[in-house]
Amino acid sequence: MLNKQQIRFCLDTMGEMFPDAHCELNHRNPFELVIAVSLSAQCTDVLVNKVTATLFEKYKTPEDYLAVSLEELQNDIRSIGLYRNKAKNIRKLCQMLLEDYGGILPQDRDELTKFPGVGRKTANVVVSVAFGIPAIAVDTHVERVSKRLGFCKWKDSVLEVEKTLMKKVPKEEWSATHHRMIFFGRYHCKAQNPQCEICPLLEVCREGKKRMKGKDKIG
DNA sequence: CTCCCGATAT
DNA sequence: ATATCAGGAG
């Protein structure tokens, strides 16, 4: 497990590697963001943006999503995958938004998780990106990076990873940290082919050093 | 834990 | 062919 100063070094370095880390899901308002993030489950941002480019022209309000059949909405998001659950969730979300929230998306993490298809991670993204509330959304990249570097234990749950990060990182840096770790995981510390050979964090990375040792025999 | 699921990279 | 992708619900 890395100490607080080692974690600080890692996060600062990630910031230098990806100074423009940001939310890569295209959206124009909080409503579009919560739709985009719920669509992004087990799917790449690139593909979500490809779909929402046309989706957000066709559907601009909660009423618009409720005006078509479930099959039509399924068809409009089919290429995303998991489209049956996602279409059903979006309809229910729109219905709840109109009936229980006056069409206004609540700016509270725990309130947002009451919507179907919106779990803790999605809610954290929405409050952080749309409303500027400090939060650390732990997605597949943040979890992988945290565990490889040794920010937390290998067996920690995503909630435990989030708690650890919140404890080790100042609150005003939560959102920036979250995006830095996503970019670091997505473009450098990748799931399949991590760039350990050119990684500036190799000296503190337990998993990276382990991987490098295994390659000594080859080359 | 399993299921949902198409697109893309490896 | 298989792994992975800004997960969530039952």
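Here is how names work: the chains are called A, B, and so on, in the same order as the sequence lines, proteins then strands, and each is numbered from 1. We use all heavy atoms of the structure for the numbers below, so side chains are in, but hydrogens, waters and symmetry mates are not.
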Round to the nearest Å and state the distance from [X] atom [atom1] to [N] atom [atom2].
X      : N     : atom1 : atom2 : result
A:Q192 : C:dC5 : CD    : P     : 8 Å
A:F115 : C:dA9 : CZ    : P     : 12 Å
A:Q42  : B:dC3 : CD    : P     : 15 Å
A:R180 : C:dA6 : CZ    : C1'   : 18 Å
A:R120 : C:dG8 : CZ    : P     : 11 Å
A:L47  : B:dG6 : CG    : P     : 12 Å
A:N85  : B:dT2 : CG    : P     : 17 Å
A:L39  : B:dA7 : CG    : C1'   : 15 Å

Which nucleotide in the set [options] lies at the smallest distance from any side-chain heavy atom of [X]?
X      : options              : value
A:S79  : B:dG6, C:dA6, C:dC5  : B:dG6
A:Y83  : B:dC4, C:dC5, B:dG6  : B:dG6
A:K121 : B:dG6, C:dG8, C:dC5  : C:dG8
A:R84  : C:dA6, B:dC5, B:dT10 : B:dC5
A:C23  : C:dG7, C:dA6, B:dG6  : C:dA6
A:I182 : C:dA6, B:dA7, B:dA9  : C:dA6
A:A191 : C:dA6, C:dC5, C:dA3  : C:dC5

Would one find a side-chain N or O of [X] under 4.0 angstrom from OP1 or OP2 of [N]?
X      : N     : answer
A:S38  : C:dG8 : no
A:K86  : C:dA9 : no
A:R78  : B:dC5 : no
A:R144 : C:dC5 : yes
A:T122 : C:dG7 : no

Above 12 or not: heavy atoms from other molecules or residues under 6.0 Å from NZ of A:K153?
no
Just verifying a value: how many Å separate A:E24 CD and A:R186 CZ, rounded to the nearest 0.5 Å?
4.5 Å
Rounded at 0.5 Å granularity, tell me how far SG in A:C189 sits from CG in A:L201.
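Rounded to the nearest 0.5 Å, the SG-CG separation comes out at 8.5 Å.
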Does the side chain of A:L2 reach to within under 4.5 Å of the side chain of A:F9, using non-hydrogen atoms?
no
Residue pair A:I90 / A:Y59, side-chain heavy-atom distance below 4.5 Å:
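A side-chain contact is absent here, since even the closest heavy-atom pair is not under 4.5 Å.
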Counting N and O atoms only, with roles assigned by atom type, does the side chain of A:N49 sit under 3.5 Å from a partner on the main chain of A:N26, one being a donor and the other an acceptor?
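Flag set: sc A:N49 to bb A:N26 pair under 3.5 Å.
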Both A:G81 and A:K50 contact DNA chain B. Which one's nearest nucleotide lies toward the 5' end?
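Mapping each residue to its closest nucleotide by heavy atoms, the 5'-most match is A:G81.
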In whole Å, measure the gap between the P atoms of B:dT2 and C:dA6 for me.
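Per the computed distance, 23 Å lies between those P atoms.
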Could you measure between the two C1' atoms, the one in C:dA3 and the one in B:dC5, and give it in whole Å?
14 Å
By nearest-nucleotide position on DNA chain C, the 5'-leaning member of A:R186 and A:T113 is A:R186
Check every strand shown and say whether A:F183 touches a base, only sugar-phosphate, or nothing at a heavy-atom separation below 4.0 Å.
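Nothing, no heavy atom under 4.0 Å.
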